[in-house]
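Contents: one structure, followed by commentary.
Not measured: the values here are computed from a predicted model. Side-chain atoms are counted along with the backbone in the values below, which use heavy atoms only and exclude waters and symmetry mates. Chain A is the first sequence line, chain B the second, and so forth, proteins listed ahead of strands; every chain is numbered from 1.
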There are 2 protein chains.
Amino acid sequence: MPARAADHIRQNLEQAILTGSYVDGLRLDELRLAEQFEVSRTPIREALQMLAATGLVDLIPRRGAFVRHPSFVELVEMFEVMAELECLCGRLAARRLTDTHLVDLKAAESGCVSALEVGDTDAYYRANERFHNLLYQASGNGFLTGEANRLHKRLQPFRRLQLRVRGRMVQSMDEHKAILLALEAGDAETTGRLLRDHVAIQGEKFHDLMAGFHGQSLGQSLGQSLGQSLGQPLGEPEEKPEDPLNGRPVNRVAGQAG
Amino acid sequence: MPARAADHIRQNLEQAILTGSYVDGLRLDELRLAEQFEVSRTPIREALQMLAATGLVDLIPRRGAFVRHPSFVELVEMFEVMAELECLCGRLAARRLTDTHLVDLKAAESGCVSALEVGDTDAYYRANERFHNLLYQASGNGFLTGEANRLHKRLQPFRRLQLRVRGRMVQSMDEHKAILLALEAGDAETTGRLLRDHVAIQGEKFHDLMAGFHGQSLGQSLGQSLGQSLGQPLGEPEEKPEDPLNGRPVNRVAGQAG
DNA sequence: AAGAATATTCTTGTATACAAAAACTTGACA
DNA sequence: TGTCAAGTTTTTGTATACAAGAATATTCTT
């Protein structure tokens with residue numbers, strides 16, 4: 001569908017970074033990627049420029065492009081902002097809610113219930129994601145919707161992670177129900193507060209979960225936890241000299257045949 | 001200082017867009033820009049990819065890059081989000097404020113006062129900007145600081161515009177003083193509320209101001225109001241056929257000698 | 001043998017070349 | 001005169017070429 005190779009590559013790399021298959025600090029070699037995608041360096045470079053502009057990679061002049069995962073502190077900070085954005089979405093949605101949106105939200109909610117009954121984590125996550133996206137839209141603020149979705153996408157793998165905490169899915173769904181009730185009642189403040197707490201809890205649960213992984217980089221933990229390590233040679237994690245500029249490991253290189 | 005031409009060009013174009021000298025819908029012709037910056041198309045294209053990734057231009061495959069200014073509705077939406085981000089900054093800052101930050105904030109505030117006494121709008125605006133930036137930093141949330149600055153930059157020309165409303169500068173400064181007091185008292189809720197209102201008022205004042213410009217695009221109004229129309233041939237604004245894809249005027253082209 | 005200096009190889013950044021799609025021009029026809 | 005179609009010109013997207021900086025290997029010195 002995308003007319004341009006650069007766009008296709010961009011999406012592809014973005015996914016690889018967000019899912020954690022490209023670990024933090026990984027160097028994105030233009031030539032190797034060009035071989036891998038069977039194009040010249042030109043569209044690769046354009047994709048990298050776009051990723052750099054959105055902060056998914058660091059682009060160091062004459063050095064190369066390096067995958068940039070959020071640090072643990074940064075993730076907590078991101079959850080803090082996400083909570084506030086969702087809070088705003090909730091407050092606005094409570095005031096501006098249309099019948100269509102309410103119907104859709106309830107549908108997404110029942111999708112969560114079904115998934116939970118079957119015990120399908122992935123399905124639950126998809127329905128959950130749909131619920132939140134609908135909520136953003138229900139805010140009636142297109143810009144806010146865009147920003148919320150953008151941040152949501154970046155937190156996606158980590159939100160997914162926290163759902164693995166025992167009993168979290170049930171708790172999460174209860175929170176959704178309460179949110180729906182407040183929404184339907186048109187209670188802006190309650191809706192906002194519930195949503196803020198809902199996301200804040202996600203941040204905390206994620207925090208709990210990560211306590212067991214200390215010492216490892218987030219990217220590594222992600223890769224392990226999600227069981228994804230494509231595109232990466234899993235062999236000896238050769239010595240990682242620090243990048244003099246930002247203190248990140250730089251030795252590994254993406255795009256190898258492995 | 002930037003080692004890469006593409007970065008330099010990107011900044012340049014970004015400024016031209018943000019200040020309004022590149023009007024909405026303007027087509028950014030690669031060849032003309034290449035001549036203008038005295039480089040080949042390659043770094044121009046890379047700059048355009050980055051601008052597209054941050055939403056400052058629309059990149060339509062096989063068609064070109066078009067300047068994308070926020071519509072009026074979108075601007076109101078952006079102010080709504082900005083208000084919430086600043087509110088969060090204020091709440092966090094009230095809890096986490098350090099002596100250094102407080103000193104700096106007071107310095108910025110007195111910078112506002114001095115500028116106001118002399119009647120220097122530009123100086124006032126710079127001090128004002130510094131005040132807000134310090135506040136973002138005082139939140140102690142680096143990610144939030146980045147996001148707030150990003151949105152602030154995009155709203156910059158419009159915030160500047162609303163300062164022209166009679167008496168607004170004095171009122172704005174009074175609001176700053178109240179915010180400082182609440183901050184110093186460590187009153188998170190008050191600080192947050194004051195800041196949200198502070199920004200919301202900016203949005204409203206801007207709204208008032210724009211009422212007089214209805215019918216014109218925001219970019220045009222910006223250009224007129226700020227007295228900037230560089231890079232644009234000021235002659236007959238030739239007929240503007242609608243772009244079939246997004247309904248924006250596309251005929252004018254950037255980078256002409258004129 | 002360790003470290004510094006130099007040579008070599010790699011990689012990035014920019015320029016140029018070329019193919020294909022879009023826009024524009026021209027002219028035929030109603 | 002207005003509309004449509006074929007041909008021409010522009011302009012984009014990708015590939016390739018080349019120069020300069022960074023990384024690596026090698027040699028020389030102590």
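Taking only side-chain nitrogens and oxygens, Arg27(A) comes nearer than 4.0 Å to OP1 or OP2 of dT12(C). OP1 or OP2 of dT12(D) has not a single side-chain nitrogen or oxygen of Arg45(B) nearer than 4.0 Å. At dA15(D), one or more side-chain N or O atoms of Ser40(A) fall inside 4.0 Å of OP1 or OP2 (strictly under the cut-off).
Taking atom CG of Asp29(A) as the reference point, atom C1' of dC10(C) lies 9 Å away to the nearest angstrom. If you measure from atom CZ of Arg4(A) to atom P of dT11(D), you get 18 Å, rounded to the nearest angstrom. Put simply, CG on Leu31(A) is 9 Å from C1' on dT12(C), counting in whole angstrom units. Rounded to a whole Å, the NE2 atom of His8(A) is 16 Å from the C1' atom of dG13(D). Here dG13(D) presents its C1' atom at 12 Å from CE of Met50(A), a figure rounded to the nearest Å. Straight-line distance from the CD atom of Gln49(A) to the P atom of dG13(D): 15 Å, rounded to whole Å. When rounded to the nearest whole Å, the span between CD1 of Ile60(A) and P of dT11(C) equals 16 Å. Counting to the nearest Å, the P atom of dG13(C) and the CD atom of Glu46(A) are 13 Å from each other.
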Quick tally for nucleotides 17-22 of chain D: nucleotides whose base has a protein heavy atom under 4.0 Å get B, sugar-phosphate-only ones S, the rest -, giving B---SS
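Interatomic distance, CG of Leu13(B) versus OH of Tyr22(B), reported as 5.5 Å (0.5 Å rounding). Between Glu46(A) atom CD and Arg4(A) atom CZ the span is 6.0 Å, to the nearest 0.5 Å.
Among residues two or more places apart in sequence or in another chain, the ring-ring contact (aromatic ring centres under 6.0 Å, His included) test is passed with Phe37(A) by none. Taking the side chain to side chain donor-acceptor pair (under 3.5 Å) definition, one finds that Arg10(B) meets it with nothing, sequence neighbours left out. Applying the ring-ring contact (aromatic ring centres under 6.0 Å, His included) test to Tyr124(A) and every residue at least two apart in sequence or in another chain returns nothing. Checked against side chain to side chain donor-acceptor pair (under 3.5 Å), Arg62(B) has no partners two or more places apart in sequence or in another chain.
In terms of heavy atoms, Ala47(A) sits closest to Ile9(A) at CB-CG2, 3.8 Å.
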Please lay out, stage by stage, how Glu80(A) and Val199(A) fare under the test side chain to side chain contact (heavy atoms under 4.5 Å, CB included).
CA-CA 8 Å; Glu80(A) 200 164 45; Val199(A) 178; over 6 Å; no
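Relative orientation of the His207(A) and Phe72(A) rings is perpendicular, given thresholds of 30° and 60° on the angle between their planes.
If you find the closest nucleotide of DNA chain C to Thr42(A) and to Ala65(A), the one lying nearer the 5' end belongs to Ala65(A).
In the helix from dA1(C)-dT30(D) to dA30(C)-dT1(D), the end axes, each obtained as the rotation axis mapping the C1' atoms of four pairs onto the next four within a five-pair block, lie 10° apart to the nearest 10 degrees.
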